[in-house]
Amino acid sequence: MNKSKDFLRRIVEEDLKTGKYQEIVTRFPPEPNGFPHIGHAKSISINFGIAQDYNGHCNLRMDDTNPTTEDTQYVEALKDAVEWLGFKWEGDVRYTSDYFDRLYSYAITLIKMGKAYVDSLSEEEIREYRGTVTQAGKRSSYANRSVEENLDLLERMKNGEFKEGEHILRAKIDMSSPNMKMRDPLLYRIRHAQHFRTGDKWAIYPMYDFAHCLSDYIEGVTHSICTLEFENNREIYDWVLDTLGLEPPRPYQHEFARLGINYTVMSKRKLLELVEKKVVTGWDDPRMPTIAGLRRRGYTPESILNFCESIGIAKANSMVDVAQLEFAIRDDLNTKVPRVMCVMHPLKVTIENYEGTEEIEASYYPHDVPKEGSRKLPFSKEIYIDRADFSEHPAKGYFRLTPDQSVRLKYAYIITCKEIIKDSEGNILEIKATYHPDSKSGEDSSGIKVKSAIQWVEASSAKKVEIRLYDRLFKNEAPEGIDDINPDSLSVITNALIEPAVITNKPDERFQFEREGYFYADPELYTDDTPVFNKIVALKDSWGKKKKAPNKAPEAKKVQIDGEVVPMTAEEQVLFDTYTKAYKLNSEVANTLARDAKLSSFYTEALAAYHSPVSIANIVANEVARELKTQEIDALKFSPAQIATLMRLVDEETISNKIAKGVFEQMLKSGDDPSKIVESQGLIQISDPAEILPIIDEVVANNPDNLAKFKAGNTKLLGFFVGQVLKATGGKANPKVVNTLVAEKLG
RNA sequence: UGGGGUAUCGCCAAGCGGUAAGGCAACGGUUUUUGGUACCGUUAUUCGGGGGUUCGAAUCCCUCUACCCCAUCCA
């Protein structure tokens, strides 16, 4: 039961283990400028979930730094969503605007450090000066203003002495940074707007990159978890916190992939468009992927949380299949919800040989749901069944009522069709049937076998209900916008019939309508006089699926075209030639070495200490190359000469290649001499079969299952046995010898 | 185009040099008074492509390709 942890939890565990933090603090930091959707639910589930798992806590913070877009109605929606999902935030709801004073004083500190300045370029100029992704930007001449002038200007900006756009506070970082975000990012802009909390107290508002990291810090957040598009912002996040030299511990940012679900849209802009153009009835339209929509549709908090858990957390952009969400709600409701009978498309059935009335006891739950509860179903000679449950000319495999096939009315009797009443156009109006008195559910002695039991309602007692059937909002898997809307995403059935107990007893708000799906009494529209139910999700329907022709077009495998490789320079070519000709390196290794100045110089030095061109080339082009990717030669703890020594040990077969890699790992950290490591840890390899054989016997004896599999032809398992033997010897056994020995033993 | 990311089954996703987890979907079957549920089984000789290192590579190295993000005084 070793459930694998996601990468965030792994980071958290590591940080706890190393003592980086004593307690984990996360936060869910939405901007209150729209309704939360299921993507927010993922973020909520991650942030609150991690805090919960590691006995920390999670704050709810409104990132309210842009007064022109934000509003208190959204903070209510956000709070509501978190609570509905069942989480409790630590203390009060936080607001970035609570920190405006402190943020302002941090800005002053930055100015005093010479790390921030007031720029007075126009918006267009700022854009121009920023350069492009391929060209460096240039710094504004205002960057030379004195500390005093900057301080004065900022103060006056704050006091509202300037118009919007006249001045702006920027960090002084690097106008030629390859990361566009680092080209003197904007810290504060002038905004003469009413803030929904601070009113007109402020004329300047901090930007995200300045406010977010500091708000995290102020709250003592340890893990600042956000989505992938903020990866480029991480550098500023660190810059602000480091430059200010704040007292540790400080938070670190980690990014995960935002949630995408097919057949819907998730961006605030597109969602807003749906609402504004009245494609949907509002933010809580049951077809919307908003929390409010899902909730109104009938989704439970548990189902959404389960869904979030099931999709995992990773860094690959992905598009989750709606089927996975649908599974989550079915799975949740299956064990919770009463089963009742509702006839969507009523077809009258008159049971000619039945007289009088009776009440039939029926359990709300099937045998496999361990819940108690039942109701009485009225029964008489006039009932309704669903039109789909009768077929005059049935397709093959049809289990329901036909002129030749009897069917059971669930909980009640078996009926047989006697006559079909049609109108002049041939539409079926009514079925005349007979019932089998000795076939009553639970006391059936008729001996009649039927293929299915269908739902029904008694005519005089049934209640008329409105049913709203929802389908996916968009017809495309990856919709662009309103053009892709599914015109049939909503269909309303106004005269469905439901058994009376649902309305009069109200056993629940969510039901399974037998053989149809899960339904929810609409919290806005439902009244006892005009009941309205939303279809949450259909039951799985293997009959409906079977009827549809399978349409599968096999996809052609994509052909991959190789791009062109940059040619070598003259010097590189010379190196390459000596490597391949004089040293007899294979061209791939030679290529790697020749093209990288750091590697070739390292290689040359190592070679001077011990001339074994091929083996040294291999370790330099592989293992050493990995280290040199992230650091310079000078920063390395090991020397070329030590690498040479290491390879001498391998060449002389004192140690195996496998051990060499282990030794190398240690050299990385300690800088110790390889021969010293080998000696002190007794890593000299074991090549004597007499020593190895008993271990092989033991491993084979301990793994009878795998031995059987191997004998059955699973030759991959050879590697398994070799691995086990190596493990048993602490990696010291000579793998080549082990390989041949194991092969002999098993072969 | 410079930088930052990501590629494992139809869709998610584990895996971190030694037997390619799991879930959804799909497909068979058993049980069933829901064509539901539950249960059992099938579904990756292969990890974006190509090379290399290694006894052994999804995992390390090189290289190519595809996709996402960054040039809002949004977050």
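Because the structure is a prediction, the values reported are computed rather than measured. Each chain gets a letter, A, B and so on, in the order the sequences are listed, and its residues count up from 1.
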For B/C16 versus B/U8, give the span between their C1' atoms, rounded off to a whole number of Å.
14 Å

With a 3.5 Å cut-off and no angle check, do the side chains of A/S687 and A/N734 form a donor-acceptor pair?
yes

Would you say B/C68 has OP1 or OP2 under 4.0 Å from some side-chain N or O of A/K315?
no

Does B/A75 have OP1 or OP2 sitting under 4.0 Å from an N or O in the side chain of A/R189?
yes

Under 4.0 Å from OP1 or OP2 of B/A75: is there any side-chain N or O of A/R258 that close?
no

For the aromatic rings, using the six-membered ring if either is Trp, is the centroid distance between A/Y188 and A/F210 under 6.0 Å?
yes

Closer than 4.0 Å, any side-chain N/O of A/R515 to the OP1 or OP2 of B/G35?
yes

If you only use heavy atoms from C-beta on, which nucleotide in B/U1, B/A75, B/C61 is closest to the side chain of A/K181?
B/A75

Give a yes/no on whether any side-chain N or O of A/N586 is located under 4.0 angstrom from OP1 or OP2 of B/U53.
yes

Within the structure, does a side-chain N or O atom of A/T69 lie under 4.0 Å from either OP1 or OP2 of B/A75?
no

On the nucleotide B/C60, are OP1 or OP2 found under 4.0 Å from the side-chain N or O atoms that A/K629 carries?
no

Given the C1' atoms of B/C27 and B/C69, what is the spacing between them in whole Å?
39 Å

So, is A/S452 near the phosphate of B/U34, with a side-chain N or O under 4.0 Å from OP1 or OP2?
no

Partner of B/A26 by Watson-Crick or G-U wobble geometry, both contacts under 3.5 Å, or none?
B/U42

Look at the side-chain N and O atoms of A/N618 and state whether any lies under 4.0 Å from the OP1 or OP2 oxygen of B/U54.
yes

Would you say a side-chain N or O of A/R400 is under 4.0 Å from OP1 or OP2 of B/U33?
no

Which base sits across from B/C55 as a Watson-Crick or G-U pair, both distances under 3.5 Å?
B/G18

Counterpart base for B/A71, defined by Watson-Crick or G-U wobble contacts under 3.5 Å
none

A/I311 has a side chain; which of B/A71, B/C12, B/C64 sits nearest to it?
B/C12

Between B/U59 and B/A26, how many Å separate the two C1' atoms, rounded to a whole number?
30 Å

Go along nucleotides 16-21 of chain B 5' to 3' and tag each nucleotide: B for a protein heavy atom under 4.0 Å from its base, S when only backbone or sugar atoms are that close, - otherwise.
BBBBS-

